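Values in this document were obtained by computation on a predicted structure and should not be read as measured data. In what follows, every chain begins at residue 1, and chains take the letters A, B, ... in the order their sequences are listed.
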2 protein chains.
Amino acid sequence: MLREEILRSAEALLVETGTEDALTLRAVAARVAVTTPSVYRHFADKDALVEAVCLRVWDELGARMSESAAAVEDPWRALGRCGRVYAHFALDYPIQYRLLMMRPTAGRLPTASTACFGYVVDAVTACTNSGILRGDPEILTVGLWSALHGLVSLLITQPDFPWPDDLDALIEHTVRMAGFGSALACRLPRDNNANSAEFAAELDTLADRLTIVKP
Amino acid sequence: MLREEILRSAEALLVETGTEDALTLRAVAARVAVTTPSVYRHFADKDALVEAVCLRVWDELGARMSESAAAVEDPWRALGRCGRVYAHFALDYPIQYRLLMMRPTAGRLPTASTACFGYVVDAVTACTNSGILRGDPEILTVGLWSALHGLVSLLITQPDFPWPDDLDALIEHTVRMAGFGSALACRLPRDNNANSAEFAAELDTLADRLTIVKP
DNA sequence: TGTACATCAGTGAACGCGCGTTCACTGATGTAC
DNA sequence: TGTACATCAGTGAACGCGCGTTCACTGATGTAC
């Protein structure tokens with residue numbers, strides 16, 4: 001029960017201060033109105049506390065993604081929804097996201113994070129099964145994940161950058177870029193010698209003929 | 001002269017220890033074989049030191065990108081080279097990259113980092129001028145940047161993830177995904193009601209006709 | 001050429017701080033007889 | 001029903017540590033007369 005309170009306070013501290021530096025045992029304990037050593041009754045040490053905080057965040061993210069993906073029939077659309085949910089989750093909980101994805105080192109949280117990754121791999125596999133994507137689902141997933149993670153982590157860590165006003169449009173653009181790019185890249189040969197003007201002209205005529213489903 | 005030595009030692013410390021936590025005034029001073037307060041003769045405080053270290057890294061990255069982009073005629077290929085150079089720079093200097101791009105807060109380094117961003121915007125603008133890309137170059141740049149930054153920052157911060165062996169292939173896939181995706185996304189309507197099976201079939205027939213230049 | 005002086009990079013000792021962690025303890029709770 | 005006891009969450013005080021930073025200082029260097 002106190003354990004729950006400690007975890008909630010730790011998250012609240014992150015949110016209120018906006019930095020993980022504020023996540024100290026002393027601050028957490030003070031916030032629960034308890035002495036510092038009490039925390040050790042519930043967590044082996046500071047790392048254990050941080051790990052527990054992360055676990056909750058992963059769980060929440062995983063729940064949102066699988067829930068959102070399950071709500072749509074078409075695998076291509078479902079994949080797009082995964083991406084949007086992911087981005088919005090990150091922007092809704094920037095410090096937690098930072099804690100999850102940008103901490104210095106290694107060897108942690110294999111189960112929870114790979115579960116999340118697994119959801120996306122499943123969504124991608126559904127797309128390779130349906131024929132819209134081709135190739136190794138894991139590599140495709142890494143590409144998609146990179147695009148979305150890159151966008152939100154830039155937004156989070158570079159708040160002073162002159163971002164456009166409409167963040168949703170930026171997310172939308174990134175989702176479309178990643179989706180269309182994956183679908184096209186897996187269909188094109190890796191090397192050739194045409195020039196970019198020819199490519200542009202061909203893409204133009206092709207785009208006219210396409211009837212697209214929004215990813 | 002000592003200032004130079006301090007900066008070089010700071011970078012060496014980062015590289016050797018693999019973590020920015022090791023970048024303390026005491027450690028830097030000790031490495032130059034000088035007492036700690038001496039550092040204050042050359043840097044106002046610790047932040048100033050860190051900022052100076054970052055500046056050098058930005059300069060190096062900017063030099064590499066503009067140099068590499070200038071070496072190619074075709075704007076589309078030049079853009080692709082920018083992406084590859086960026087990714088390889090990050091993987092060559094992972095801790096420095098982390099220092100540049102993943103530090104908690106704000107209000108820093110406007111000139112150097114926006115110079116780098118500017119190089120890419122220029123490369124993208126060349127592509128919109130040539131017709132291979134369309135739309136706001138800054139938004140296009142953010143998308144491309146997101147994909148590459150996402151990939152390398154995942155590789156750097158999640159070393160324990162079961163990455164595929166061939167990292168170059170992963171970079172290649174991401175560059176292609178981002179490039180093709182940008183080119184296709186800017187040509188397709190944002191909303192429509194076709195389903196993904198139709199989309200897949202059309203992409204297939206269209207891909208057969210395409211003669212592509214590698215981005 | 002020789003002396004007096006200003007400059008300033010580097011020194012050595014110390015400061016206060018917040019941190020994670022430890023230790024022996026207290027005091028309420030629930031169970032066994 | 002009443003007493004003795006074990007359990008264990010939470011306490012209070014203290015530890016050692018490394019950090020950024022400060023201060024008055026020293027001693028070599030170069031310049032002015």
A.B. asks: Over how many whole Å does the gap from B:D45 atom CG to D:dT22 atom P extend?
C.D. replies: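 After rounding, the reported distance stands at 9 Å.
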A.B. asks: How about B:T157 and A:M101: do any of their side-chain heavy atoms sit closer than 4.5 Å?
C.D. replies: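 B:T157 does not reach A:M101 side chain to side chain.
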A.B. asks: Quick one: does A:D92's side chain get under 4.5 Å of A:R64's, heavy atoms only?
C.D. replies: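 Counting from C-beta outward, A:D92 and A:R64 do come under 4.5 Å.
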A.B. asks: What are the two closest non-hydrogen atoms of B:V121 and B:P137, and how far apart are they?
C.D. replies: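 Heavy atoms only, the tightest pair is CG1-CB, 4.3 Å.
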A.B. asks: Mind listing the side-chain donor-acceptor pairs of residues 7-15 of chain A below 3.5 Å, one per line with the distance, residues two or more places apart or on another chain?
C.D. replies:
{"unit_1": "A:S9", "atom_1": "OG", "unit_2": "A:E5", "atom_2": "O", "d": "3.2"}
{"unit_1": "A:E11", "atom_1": "OE1", "unit_2": "A:Q96", "atom_2": "NE2", "d": "3.2"}

A.B. asks: Round to the nearest Å and state the distance from B:E5 atom CD to C:dA9 atom P.
C.D. replies: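 Computing the B:E5:CD to C:dA9:P distance gives 15 Å.
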A.B. asks: Run A:H149 and A:Y86 through side-chain contact (heavy atoms from CB on, under 4.5 Å) and show every step you take.
C.D. replies: CA-CA 8 Å; A:H149 168 68; A:Y86 185 91; 4.1 Å; yes
A.B. asks: Please give the stem ranges for DNA chain C, sorted by first residue number, where a stem is three or more consecutive Watson-Crick or G-U pairs and both donor-acceptor distances are under 3.5 Å.
C.D. replies: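 Listed by first number, the stems are C:2-33 with D:2-33.
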A.B. asks: If you compare every side-chain N and O of A:Y40 against the phosphate oxygens of C:dT21 (OP1, OP2), does one of them come in below 4.0 Å?
C.D. replies: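 So the side chain of A:Y40 is within the cut-off, an N or O lying under 4.0 Å from OP1 or OP2 of C:dT21.
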A.B. asks: With a 4.5 Å limit on heavy-atom distance, are the side chains of B:V28 and B:T24 in contact?
C.D. replies: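 The answer is no; the side chains never approach within 4.5 Å.
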A.B. asks: Given 3.5 Å as the limit, does a donor-acceptor pair link the side chain of B:R176 with the main chain of A:A185, or not?
C.D. replies: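 Checking the backbone N and O of A:A185 against the side chain of B:R176, a donor-acceptor pair under 3.5 Å is found.
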A.B. asks: Find every protein N or O atom lying less than 3.5 Å from an N or O atom of nucleotides 10-14 of chain D, and list the pairs.
C.D. replies:
{"unit_1": "D:dG10", "atom_1": "OP2", "unit_2": "A:H42", "atom_2": "NE2", "d": "2.7"}
{"unit_1": "D:dG10", "atom_1": "N7", "unit_2": "A:R41", "atom_2": "NE", "d": "2.9"}
{"unit_1": "D:dG10", "atom_1": "O6", "unit_2": "A:R41", "atom_2": "NH2", "d": "2.7"}
{"unit_1": "D:dT11", "atom_1": "OP2", "unit_2": "A:T35", "atom_2": "N", "d": "2.9"}
{"unit_1": "D:dT11", "atom_1": "OP2", "unit_2": "A:T35", "atom_2": "OG1", "d": "2.9"}
{"unit_1": "D:dT11", "atom_1": "OP2", "unit_2": "A:S38", "atom_2": "OG", "d": "2.8"}

A.B. asks: Roughly how many Å is it from CZ in B:F43 to C1' in C:dA9, rounded to a whole number?
C.D. replies: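 Roughly 14 Å, once rounded to whole Å.
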A.B. asks: Relative to each other, are the rings of B:F117 and A:F161 parallel, tilted or perpendicular (30° and 60° limits)?
C.D. replies: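 Rings of B:F117 and A:F161: perpendicular, as their planes differ by over 60°.
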A.B. asks: Expressed in angstrom and rounded to an integer, what is the separation of A:D47 atom CG from C:dC19 atom C1'?
C.D. replies: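 Rounding to the nearest Å, CG of A:D47 and C1' of C:dC19 are 14 Å apart.
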A.B. asks: Could you state the CG-P distance from A:L25 to D:dC17, rounded to the nearest angstrom?
C.D. replies: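 One finds 19 Å between P of D:dC17 and CG of A:L25, rounded.
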A.B. asks: Mind listing the closest non-hydrogen atom pair of A:S182 and A:L144 along with its distance?
C.D. replies: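 It is OG-CD2, 3.5 Å.
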A.B. asks: Could I get the full list of salt bridge (charged side-chain N to carboxylate O under 4.0 Å, His left out) partners for A:E16, not counting sequence neighbours?
C.D. replies: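 Only A:R31 meet the salt bridge (charged side-chain N to carboxylate O under 4.0 Å, His left out) criterion with A:E16.
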A.B. asks: State which residues pass ring-ring contact (aromatic ring centres under 6.0 Å, His included) with B:Y40; sequence neighbours excluded, sorted by chain then number.
C.D. replies: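 None.
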A.B. asks: Starting at atom NZ of B:K46, determine the distance to atom C1' of D:dT22, rounded to an integer number of angstrom.
C.D. replies: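 That distance rounds to 18 Å.
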A.B. asks: What is the distance, to the nearest angstrom, from the CG atom on B:L49 to the C1' atom on D:dC19?
C.D. replies: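 Those two atoms, CG and C1', are 15 Å apart.
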A.B. asks: If you restrict it to nitrogen or oxygen atoms, what contacts under 3.5 Å exist between nucleotides 26-29 of chain D and the protein, and what is each distance?
C.D. replies:
none

